[in-house]
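Take a look at the structure set out below.
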Amino acid sequence: MNAFEINKIAGAVFGSALLAVGLGVISDLLFYHAPPQTAGYVIELPDAVETEVVEEEVTPLPVLLASASIDAGETAVRKCSACHSFEQGGANKVGPNLWNVVGNAKGRKDDFGYSSALSDLGSAGELWGFEELNGFLENPRNYLTGTSMAFAGVRKPEERADIIAYLNSLSEEPLPLPATE
């Protein structure tokens, strides 16, 4: 490519740039826009309207456990079987074996590496009662900060009650269910 060709290309680029800048300057001269006197828009809000707060009735856990189904709980824990085993003397998986968990100490198995948060509670003598299991199963990370359990939780209270009833049945001496009021 010779110098004449390079000059034509450079001239076309610079000419296009000069045309774009020139059109911007000319359009600013032709079209003047005064800034608004007040910035933004005024939004009219209606007066505060009182709304009726409807509280959702929460069924107490003893009532849920009284109507819980061990068979439904056995079905519900299938989603847990990827990480836990449930038979007596069963092996630990990603999570510990859950035979005889209800009423026993948290972080109780010596052959499983619990999170420090759960081990500390077990060392302090805390037990897995019905309410504790309900809270943990609902959302493990909210119930116990620092837990290594990466399960989102069981949202339905009835399903949690079924699971707790099933876990309670996994013992040679199941605990009596709490009395309903």
Side-chain angles (χ1 to χ4, degrees), residues 40 43-181:
I43 299 174
E44 299 291 331
L45 296 175
D47 293 335
V49 178
E50 289 186 29
T51 58
E52 191 175 313
V53 177
V54 178
E55 288 188 28
E56 193 175 315
E57 266 191 52
V58 177
T59 307
L61 183 60
V63 174
L64 290 172
L65 287 172
S67 62
S69 165
I70 293 173
D71 293 333
E74 186 175 6
T75 302
V77 298
R78 286 189 183 143
K79 59 183 139 192
C80 308
S81 64
C83 298
H84 297 281
S85 62
F86 298 94
E87 61 278 344
Q88 184 175 9
N92 295 324
K93 294 183 177 181
V94 174
N97 174 277
L98 295 179
W99 175 266
N100 200 25
V101 71
V102 180
N104 278 307
K106 296 178 180 179
R108 65 184 168 43
K109 295 183 63 107
D110 293 333
D111 61 343
F112 185 77
Y114 292 97
S115 63
S116 60
L118 195 56
S119 294
D120 292 346
L121 292 178
S123 298
E126 289 195 27
L127 304 177
W128 282 119
F130 296 109
E131 291 291 338
E132 290 80 7
L133 281 168
N134 187 45
F136 190 75
L137 289 172
E138 182 177 10
N139 190 330
R141 294 202 184 264
N142 283 352
Y143 178 80
L144 182 61
T145 304
T147 185
S148 57
M149 185 164 168
F151 180 63
V154 179
R155 298 287 172 241
K156 296 178 183 175
E158 296 81 10
E159 186 177 6
R160 284 195 309 270
D162 292 339
I163 292 172
I164 293 168
Y166 174 68
L167 290 175
N168 188 45
S169 73
L170 298 178
S171 173
E172 292 174 1
E173 297 179 25
L175 296 178
L177 296 177
T180 60
E181 294 176 8

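Of all heavy-atom pairs between Lys106 and Tyr143, the closest is NZ-OH, 3.1 Å. Taking each heavy atom of Ser69 and Asp162 in turn, the nearest pair found is N-OD1, 2.9 Å. Of all non-hydrogen atoms in Leu98 and Leu167, the two that sit nearest each other are CB-CD2, 4.1 Å. Between Ala161 and Ala68, the shortest heavy-atom contact is O-CB, 3.6 Å.
Looking only at distances, a side-chain donor or acceptor of Asn168 sits under 3.5 Å from a matching main-chain atom of Leu175. Side chain of Ser119 to backbone of Gly107: no donor-acceptor contact under 3.5 angstrom is found. Without hydrogens or angle criteria, Lys93 side chain to Ala82 main chain gives no donor-acceptor distance under 3.5 Å. Listed for the His84 side chain is no donor-acceptor partner under 3.5 Å among the backbone atoms of Asn97.
Annotation: ring-ring contact (aromatic ring centres under 6.0 Å, His included) contacts of Phe86 (sequence neighbours excluded): none. Scored by the side chain to side chain contact (heavy atoms under 4.5 Å, CB included) test, Thr147 finds Ser115, Phe136, Pro140, Arg141, Leu144, Met149 as partners (sequence neighbours excluded). Glu44 pairs by the side chain to side chain donor-acceptor pair (under 3.5 Å) definition with nothing, not counting sequence neighbours. Residues passing the side chain to side chain contact (heavy atoms under 4.5 Å, CB included) test with Asn100 are Asn104, Ser171, sequence neighbours excluded. In this structure, Asn139 has no side chain to side chain donor-acceptor pair (under 3.5 Å) partners at least two apart in sequence or on a different chain.
The side-chain heavy atoms of Trp128 and Val102, taken from C-beta on, include no pair separated by under 4.5 Å. In this structure the side chain of Leu65 reaches within 4.5 angstrom of the side chain of Pro178, judged on heavy atoms. In this structure, the side chains of Val101 and Arg108 come closer than 4.5 Å at one or more pairs of heavy atoms. Proximity of Leu177 to Phe130: side-chain heavy atoms (C-beta onward) are separated by under 4.5 Å at one or more points.
Residue pairs meeting the ring-ring contact (aromatic ring centres under 6.0 Å, His included) criterion with at least one partner in residues 149-174, sequence neighbours excluded, do not occur; the list is empty.
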